[in-house]
Amino acid sequence: MKTALSRSFAVGLLALAFAATGAGGDARAATAVPVSAPGTYASDPSSTPSGAKTTRSLGGTVQVPAGSTRYLSSKLYVDDAAQVTEVSHMIYCKRPGESAVSAQLVSGQNALANTPTTMLTRGFVTAPADAALTCSVYAQFVNHAADSAGSITVLASSYLQDVDGDIGAVRQAFSTSMLVNSSANVDTVAFTAPAAATAVQAIGDVSVTVCYGADGGLCRRSSGARMDGTSSYVGTQLVLNQLNSDGSVCRTTTNGALKGTTVTTTVHHYRINTWLTDVPVDPACTSRDFVSYTRTTANANSNSFKIEANNQTVGAVFVP
């Protein structure tokens with residue numbers, strides 16, 4: 001995707017799998033903070049170089065206190081795109097007085113012309129011990145094909161939310177880029193439930209790009225990529241295994257059967273969000289260790305697709 005998503009930031013603890021102890025305080029979910037700058041924005045022409053694309057500050061600011069870990073979730077609602085528009089939806093977190101991004105969560109999707117589109121970007125952010133982080137919603141809008149300026153509207157219902165307050169423990173992982181011709185398990189996370197925890201939660205979000213047209217990057221016919229159809233049929237299933245002490249699987253929980261999603265070459269970029277809540281820590285298992293991953297499949301009769309990296313594909317297991 002030709003946006004700032006291709007940039008690489010030093011994201012500190014965000015990019016690592018970690019366990020963190022909360023700093024105390026109210027553990028209730030905060031009220032969602034609406035974006036402060038809804039409205040109609042110009043979209044960049046398709047030929048705009050990556051480094052020159054316009055980044056829009058949309059507001060919806062949330063503070064992550066120093067030394068605290070928070071689960072941030074943003075929904076971006078857009079409509080009235082003049083033409084197919086690449087939308088990059090970002091949560092950027094910065095230290096006081098600094099313009100550099102200290103932590104980021106991102107996703108990307110094409111919004112079809114005059115079609116309401118909703119994007120969910122989420123994950124975990126840890127502030128450094130010496131400073132709080134200010135996190136807000138940002139976006140980029142780029143015409144997918146037209147080499148001219150267009151327009152798109154950000155709806156006032158868009159928001160950013162601190163979901164649970166201080167997080168007691170979490171491990172998070174981001175996927176690398178990969179081509180999927182048949183199947184792949186992405187965002188594998190290993191997590192040990194704290195002694196007092198009776199249940200855990202998990203998320204598994206996958207950003208995909210349909211392979212089509214000319215060879216380029218991971219989407220190469222020489223690598224087995226199917227590229228001549230009009231869509232990919234993307235299967236996803238979030239899997240959470242509790243293990244025995246010898247590493248064998250004791251109990252498996254999923255978010256349901258493998259679910260297929262058709263992603264057309266017009267939409268091209270797409271985000272699939274999955275989650276599990278209140279999964280019991282089974283005392284019959286001989287360990288409190290868990291492993292989660294998102295099972296991802298490509299249908300042999302449809303185009304291959306690639307998994308997007310750069311903090312776009314994320315998995316986590318946690319206890320609020």
Side-chain angles (χ1 to χ4, degrees), residues 13-29 67-73 105 120 122-126 162-176 178 180 182-207 234-261 271-297 307 309 311 313-320:
L13 289 179
L14 178 61
L16 303 175
F18 60 88
T21 300
D26 191 348
R28 294 172 297 174
S68 176
T69 297
R70 297 296 171 93
Y71 176 17
L72 301 185
S73 179
L105 300 163
L120 172 62
R122 60 185 177 173
F124 295 83
V125 172
T126 294
D162 172 358
V163 178
D164 286 309
D166 287 328
I167 296 297
V170 59
R171 289 180 69 89
Q172 177 170 259
F174 297 103
S175 179
T176 58
M178 65 180 73
V180 182
S182 55
S183 64
N185 294 338
V186 300
D187 296 330
T188 300
V189 177
F191 176 80
T192 300
T198 59
V200 302
Q201 301 186 40
I203 63 171
D205 295 345
V206 178
S207 289
V234 182
T236 53
Q237 181 186 46
L238 180 58
V239 179
L240 179 64
N241 291 323
Q242 185 174 350
L243 307 180
N244 288 312
S245 56
D246 62 1
S248 62
V249 175
C250 174
R251 172 175 173 159
T252 297
T253 304
T254 71
N255 67 323
L258 184 74
K259 180 181 179 181
T261 301
R271 171 90 155 198
I272 300 171
N273 306 95
T274 63
W275 59 90
L276 288 164
T277 59
D278 298 325
V279 177
V281 180
D282 191 339
C285 300
T286 56
S287 86
R288 300 176 66 83
D289 296 336
F290 289 81
V291 173
S292 75
Y293 58 87
T294 304
R295 177 187 172 203
T296 308
T297 64
I307 302 293
N311 292 34
T313 301
V314 58
V317 185
F318 64 103
V319 174

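Quick note: residue numbers are just sequence positions, from 1.
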Practice problem: Look up atom CZ in Arg70 and atom CG in Asp166, then write down how far apart they are to the nearest 0.5 Å. | Solution: 4.0 Å

Exercise. For the residue pair Phe124 and Tyr71, categorise the inter-ring angle as parallel (less than 30°), tilted (30 to 60°) or perpendicular (more than 60°).
Key: parallel

Quiz item: If you measure from CG on Asn273 to CG on Asp205, what distance do you get to the nearest 0.5 Å?
Solution: 4.0 Å

Quiz item: When rounded to the nearest 0.5 angstrom, what distance separates NZ in Lys259 from OG1 in Thr297?
Solution: 13.0 Å

Quiz item: Strictly by modelled atom types, are Thr252 and Asn241 linked by a side-chain donor-acceptor pair under 3.5 Å?
Solution: yes

Quiz item: When rounded to the nearest 0.5 angstrom, what is the spacing between CD1 in Ile307 and OG1 in Thr313?
Solution: 5.5 Å

Quiz item: Using a distance-only test with no angle check, is there a side-chain donor-acceptor pair under 3.5 angstrom linking Thr126 and Thr69?
Solution: yes

Exercise. Search all heavy atoms of Ala199 against all heavy atoms of Val281 and return the closest pair with its distance.
Key: N-CG2, 3.8 Å

Practice problem: Compare all side-chain heavy atoms of Val317 with those of Ser292 and state whether any distance is below 4.5 angstrom. | Solution: yes

Practice problem: Would you please test Gln172 and Val314 for side chain to side chain contact (heavy atoms under 4.5 Å, CB included) and show each step? | Solution: CA-CA 7 Å; Gln172 177 170 259; Val314 58; 3.8 Å; yes

Quiz item: Which heavy-atom pair separates Leu72 from Leu105 by the least distance, and what is that distance?
Solution: O-CD1, 4.4 Å

Exercise. Could you tell me whether a side-chain N or O of Asn244 sits under 3.5 Å from a main-chain N or O of Asp246, the two making a donor and an acceptor?
Key: no

Quiz item: Does some side-chain heavy atom of Asp164 sit less than 4.5 Å from a side-chain heavy atom of Phe318?
Solution: yes

Quiz item: Looking only at heavy atoms, what is the nearest atom pair of Val319 and Ile167, with distance?
Solution: O-CG2, 3.7 Å

Practice problem: Begin from the C-alpha positions of Arg288 and Thr192 and carry the test side chain to side chain donor-acceptor pair (under 3.5 Å) through to its verdict. | Solution: CA-CA 6 Å; Arg288 300 176 66 83; Thr192 300; over 6 Å; no

Self-check item: Distance in Å, Thr277 OG1 paired with Gln201 CD, rounded so as to fall on 0.5 Å steps
Solution: 6.0 Å

Practice problem: Check whether any side-chain N or O of Gln242 sits under 3.5 Å from a backbone N or O of Val249 as a donor-acceptor pair, and report yes or no. | Solution: no

Self-check item: Passing candidate, side-chain contact (heavy atoms from CB on, under 4.5 Å) with Tyr293, options Leu238, Val186, Val189, Thr188
Solution: Thr188

Quiz item: Nearest heavy-atom pair of Gln237 and Gly256: which atoms, and what distance?
Solution: NE2-O, 2.8 Å

Quiz prompt | Beyond-backbone contact of Arg295 with Leu258, side-chain heavy atoms, under 4.5 angstrom | solution = yes

Quiz item: Do Asn255 and Thr274 pass the side chain to side chain donor-acceptor pair (under 3.5 Å) test, and can you show the C-alpha distance, the side-chain angles, and the key distance before you say yes or no?
Solution: CA-CA 7 Å; Asn255 67 323; Thr274 63; 4.7 Å; no

Quiz prompt | Test item: Arg122 and Ile203 side chains (from C-beta on) under 4.5 Å apart, heavy atoms | solution = yes

Practice problem: Could you check if a side-chain atom of Val200 sits within less than 4.5 angstrom of a side-chain atom of Phe290, using non-hydrogen atoms only? | Solution: yes

Quiz prompt | Distance, nearest 0.5 Å, that separates CG of Asp282 from OG1 of Thr198 | solution = 12.0 Å

Quiz item: Counting only N and O atoms by type, is there a donor-acceptor contact under 3.5 Å from the side chain of Asp187 to the main-chain atoms of Thr294?
Solution: no

Practice problem: Measure across Ala184 and Met178 and return the closest heavy-atom pair with its distance rounded to 0.1 Å. | Solution: CB-SD, 3.8 Å

